[in-house]
Amino acid sequence: MMRFLFVIIVILSTAIYGENPYVASPNAYKDFWEESIKNPEKFWDEQAKMIPWMAPYQTVWEKPESTNDAFVGKWFVKGKLNAASVCVDRFVPKHGQETALIWVCEEDSRSRIYTYKDLSIAVNQAANLLKAQDVKKGDRVGIWMPMVPELLITQLACAKIGAVAVVCFSGFSACNAEERFTDVQCKVLVTADGGRRRGKVFPLRPELSSAFLQSDFLKKVITCNNCSLAFSITTKDVPWNIGSMNEICDPEPMDSEDPLFLLYTSGSTGKPKGIVHTTGGYVVYALTTMKYVWGIQGLLFPHKEEREVWFSTADIGWIAGHSYITYAPLALGCVVLMYDGVVTYPTPERFFSLIDQYKVSHLYTSPTLLRQLASCGDTIPSKFTFDSLRVLGSVGEPILPETWQWYYEKMGKGRCPIVDTYWQTETGGYLISPIAGVTNLRPGSCCFPFLTINPKILRENGEEASTGEKGFLCIAAPWPGMMRGVYKDQNKFLTTYLEKFPGFYYTGDEAYKDADGYIWIVGRADDVIKVCGHRLGTAEIEAAISTFPGVVESAVIAVPDAIKGNDIVAFIVAKESLSPTDIKQHIHHMFGPIGVPKDIVFVPDLPKTRSGKIVRRILRNLYLGEQIGDTSALANPEIMEHLLEISRPV
Ligand code: PRX
């Protein structure tokens, strides 16, 4: 009898172990979450043990003196660490020969593999190259690169010497990138001559303006040769030849609260904001969320199964790539598969074949890519086994139940849980997500809050919304990975995130909770739009349009698109007859390809409130041929007659 019981216990525990080694059941998670809300410091103290601290922290969380000052307070106070050592060096003594990074490119012949030792050496050499350019702790280093290993290596090289990495997505135009790098006054810019997308080469370094290159703050531009593109060399140019640099570089002991990186993101108004993330809180948060949500053990928690192969289709130019390509998966000791180019090029088969070929176990992607794949039919995915897959993930935009089902059945073959992870650039890591293998899933819902995260859905007046009622998604208490501010504009931090609902962090999203407590994200409540999962500010695209000669003003709206989630439409008031093609080219140049509208509609005026605010809702309804609703509050109601004639429903 005892033997029989023992066998049952072993079978049960291996079954659970195989699913998620950290949480046993939905009820256990609920209890764990409740406990974590009561005592977040205890939880984070426990998780921080995953980090090799160079000096121990004295307090887990130092509460802010006043909620209005800085909702977040300080985390792991007085602790010292180095993020590059956490992500790479610590594995070298025991696991130096284990694979850290598999880099695959559109051109297969160029793929490369780095062990933890190789990566550690490359990071040290890149760090020494930066030091040779006089980069010191606290200096900002701009990074504008395609998805080459040198991008991730530069991020970690900055971390190694305490410089603040400022990555700009390579799909943004040079004008856009220069604006960000000027805002942070980067001492050095690391870039590439160009990148590859859909079999074509696009230039980066040759696109930089001479005005930017001559800026006083910019001392050097390091260019990695990726495509052998020519450009005119200046006295500031330095080639990326790290091979000749010393392989040893001592890690800079960084304070927990020292900034690790800045990442620009779009808001409702004006220019993009430089979101500040710190070293200790951010790294612990990214690591912990990945560990629990995906049930990953990596090299940190060795196990008998094969090592996890992590594949995220995100770009490091966005937060999804920062947290869950560079920092968390390496810090856990996963094999990171990094892809350069378009994963569906030349055909979607390319993407599917990568999974079987590299035995991907954990796949993280966006609903946009899934919609694109699903639209190609089932013949191609049915050719692949996807035997290695264990957990699937989605991020960046709401996933519709039919896309979820396709993902679950055609890729997960009905046996892999899907984690629909809700979070933001500002949050550093997951806020709301299922726990793989534990949460009972509902397609289209991000399910439940992560440990210590306390979300509330509020009405405009601050009261809590009732079950099923849409409201503003807010978080009631800070967490270690939360942004610490907006670079050089702390007031913006307060006004954008902390003032609307005092005592809460306001996400800018609308959501509702169902009767079982599942959270459903509805979408943005502000003028931020999501196109292919990319976060864009309507104000930024409008700013690009406004610099086209002859444009008086413009309003940009998002309209639904079956693949991209949303697409962009621009309404433009012009002084004279203008060519839509020329305006699109101008936006491409000023903003980058992702900001180019699918349609431009010329109008004599824009509908505005008496305080001068453009009523985008009216433009959207007009464009989509929907009911316009009440227009009596407009300052210029007479415009409606013209708009009804001009706008065209899709
Ligand atoms: O609107 C939400 C949406 O993406 C926004 C954050 O964008 P970004 O800062 O670029 O970070 C994207 C990757 C973390 C959010 O305010 N969003 C993110 N994840 C989801 C989502 N919407 C619905 N479901 C999600 N899982």
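Ligands are counted one by one from 1 in listed order, and the atoms in each one are counted from 1 as well. Only a predicted model underlies this, so the values are computations on that prediction, with no experimental measurement involved.
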- Neighbouring residues of ligand 1, heavy-atom cut-off under 4.0 Å: Ile319, Val395, Gly396, Glu397, Pro398, Asp420, Thr421, Tyr422, Trp423, Gln424, Thr425, Cys446, Asp509, Ile521, Arg524, Lys530, Arg535

- Going by an N to O cut-off under 4.0 Å, is there a salt bridge joining Glu460 and Lys500? yes

- Mutual orientation of the aromatic rings belonging to Phe43 and Phe450 [parallel < 30°, tilted 30-60°, perpendicular > 60°]: perpendicular

- Query: Will you find, in the side chains of Tyr364 and Thr421, an N or O donor that is under 3.5 Å from an N or O acceptor?
  - Reply: yes

- Got a salt bridge between Glu469 and Arg459, using NZ or NE/NH1/NH2 to carboxylate O under 4.0 Å? yes

- Fit a plane to each ring of Tyr282 and His277, take the angle between them on a 0 to 90° scale, and name the class: parallel (under 30°), tilted (30 to 60°) or perpendicular (over 60°). tilted

- Among Trp33, Tyr29, Trp520, Tyr518, whose ring pair (Phe, Tyr, Trp, His ring centres under 6.0 Å) with Phe448 holds? Tyr518

